[in-house]
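Have a look at the structure below before the remarks.
Hydrogens, waters and symmetry mates are skipped; everything else that's a heavy atom, side chains included, is used. So that the names make sense, note that chain A is the first sequence line, chain B the second, and so on, each numbered from 1.
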Amino acid sequence: MPELPEVEVVRRGLAGWVTGRTIAAAEVLHPRAVRRHVAGAGDFAGRLAGRTVAAPRRRGKYLWLPLAEDGGPAEAVLAHLGMSGQLLVGDPGREREKHLRVRALFDDGGHDLRFVDQRTFGHLMLTEMVPDPFGAGLVPAPISHIAADPLEDAFDEEAFIGALRRKRTGIKRALLDQSLISGVGNIYADEALWRARLHWARPSDSLTRAEAARVLEAAREVMGAALAVGGTSFDSLYVNVNGESGYFERSLEAYGRRGEPCRRCGTPIHREEFMNRSSYSCPTCQKRPRRV
DNA sequence: ATACCTCCCTGTGTGC
DNA sequence: TGCACACAGGGAGGTA
């Protein structure tokens with residue numbers, strides 16, 4: 001499942017293939033893939049034709065391709081991969097993937113760009129850019145409300161720690177709240193909490209400053225480590241732009257390890273249901289708080 | 001306002 | 001063998 005490291009791997013992969021190239025035509029094969037583009041699939045495809053793509057950018061789990069100025073307002077193609085979205089580049093003549101949703105052809109006749117998405121939680125849209133509330137130039141309007149992610153310069157560590165400790169919720173819910181910190185999903189939330197030795201239900205307003213800083217640092221470290229090896233391909237639905245899996249699954253300490261021994265203390269890892277999904281933790285290293 | 005719940009999707013794996 | 005169902009989960013949108 002693509003979270004920050006996986007999306008960053010895709011961004012880097014795309015950069016070498018699409019930057020500076022001009023889209024000749026775009027084709028929407030499944031309208032759900034552009035459901036958030038309110039003007040519709042025809043408008044989306046039509047307005048992409050003839051536009052030149054600048055270097056891909058990312059914030060949290062969102063990726064966007066800025067489009068070169070065409071006299072109108074600054075625009076970008078915004079992408080969210082959801083659970084199973086893939087952005088792939090390759091020979092335009094190759095076979096169509098079963099879950100191909102959107103395809104862009106370039107005017108040089110070279111590699112095309114495809115959006116493939118089995119579970120259709122991902123989406124693409126063409127959107128205007130607005131000034132970044134965190135001062136990093138322009139960002140796509142629909143994501144101007146999300147926080148910076150912990151791997152970008154615009155991330156304000158002190159502001160995050162303060163907001164986290166003021167919030168009245170559980171630490172994991174806070175880590176997954178994209179308006180507080182972006183880019184962290186279920187896998188890296190569990191991994192960061194394991195590293196910081198904190199239980200997911202720990203009230204965020206009970207965290208000491210040191211604990212809050214510790215879980216943030218853990219999130220940074222684990223996402224950085226995952227990025228360095230191409231991300232986590234837990235269920236093989238995440239691949240880079242060339243269709244290759246990442247290698248971080250073997251380094252996961254908590255996520256998906258139900259019943260397997262904690263590599264710190266040997267206690268079997270617990271799986272609990274939380275927010276209609278799974279939370280994995282070590283019952284010895286990560287003590288459940290008394291009040292929940 | 002904040003906190004938290006439901007719903008949208010489809011392929012895979014498991015149990016009967 | 002085939003069917004039913006649990007499971008994976010980000011974020012929009014709703015309720016209290």
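- The pair R195(A)-E253(A) does not count as a salt bridge, with every side-chain nitrogen at least 4.0 angstrom from each carboxylate oxygen.
- Under a 4.0 Å N-O distance rule, the pair D149(A)/R58(A) qualifies as a salt bridge.
- Taking the six-membered ring for Trp and thresholds of 30 and 60 degrees, W200(A) and F274(A) have ring planes inclined between 30 and 60 degrees apart.
- Between E158(A) and R209(A) there is a salt bridge, since at least one side-chain N of the basic residue sits less than 4.0 Å from a carboxylate O of the acidic one.
- The pair R214(A)-E217(A) does not meet the salt-bridge criterion, since no charged nitrogen lies less than 4.0 angstrom from a carboxylate oxygen.
- One can place CD of E272(A) at 14 Å from P of dC7(C), the figure rounded to the nearest angstrom.
- Helix-axis bend for the helix from dT2(B)-dA16(C) to dC16(B)-dG2(C): the local axis fitted to the five terminal pairs at one end deviates from that at the other end by 50°, rounded to 10°.
- Put simply, K167(A) has a side-chain N or O that comes within less than 4.0 Å of OP1 or OP2 on dA3(B).
- Here the P atom of nucleotide dC5(B) and the CG atom of D177(A) are 14 Å apart, to the nearest Å.
- Along DNA chain C, the nucleotide closest to Y280(A) and the one closest to H145(A) are compared, and the more 5′ of them pairs with Y280(A).
- Rounded to a whole Å, the CZ atom of F274(A) is 16 Å from the C1' atom of dA8(C).
- A straight line from CG of L78(A) to P of dG10(C) spans 17 Å, rounded to a whole angstrom.
- If you check every strand for non-hydrogen atoms under 4.0 Å, R166(A) touches nothing.
- In this structure, the CG atom of L180(A) is 16 Å from the C1' atom of dG10(C), given to the nearest Å.
- When heavy atoms are screened at a 4.0 angstrom cut-off, S84(A) is found touching no nucleic acid atom at all.
- Atom pair M275(A):CE and dT6(B):C1' shows a separation of 12 Å (rounding to whole Å applied).
- Neither OP1 nor OP2 of dG10(C) sits under 4.0 Å from any side-chain N or O of Q178(A).
- If you take CH2 of W200(A) and C1' of dC4(B), they are 14 Å apart, rounded to a whole angstrom.
- Taking the six-membered ring for Trp and thresholds of 30 and 60 degrees, Y62(A) and H80(A) have ring planes more than 60 degrees apart, a perpendicular arrangement.
- Listed by chain and number, the residues in a salt bridge (charged side-chain N to carboxylate O under 4.0 Å, His left out) with E273(A) amount to none (sequence neighbours excluded).
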Each nucleotide N or O in nucleotides 7-11 of chain B that has a protein N or O under 3.5 Å away: list the pair and distance.
from	atom 1	to	atom 2	distance (Å)
dC8(B)	O3'	R32(A)	NH1	3.3
dC9(B)	OP1	R32(A)	NH1	3.0
dC9(B)	O5'	R32(A)	NE	3.4
dC9(B)	O5'	R32(A)	NH1	3.4
dG11(B)	OP1	H99(A)	NE2	3.3
dG11(B)	O4'	Q118(A)	OE1	3.1

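- Taking the ring centre of W194(A) as origin, the terminal cationic atom of R264(A) falls inside the region bounded by 6.0 Å and 45° from the ring axis.
- Separating the CD atom of E273(A) from the C1' atom of dT6(B) is a distance of 14 Å, rounded to the nearest angstrom.
- Contact annotation: R173(A) reaches the phosphate of dC4(B) (side-chain N/O to OP1 or OP2, under 4.0 Å).
- At the phosphate of dT2(B), neither OP1 nor OP2 sits under 4.0 Å from any side-chain N or O atom of T169(A).
- Residue-level contact check: Y62(A) touches the backbone only, with heavy atoms under 4.0 Å from sugar-phosphate atoms and none from bases.
- To the nearest 0.5 Å, the span separating CD1 on I23(A) from CG on D112(A) amounts to 11.5 Å.
- Using a cutoff of 4.0 Å between basic side-chain nitrogens and carboxylate oxygens, K172(A) and E272(A) are not scored as salt-bridged.
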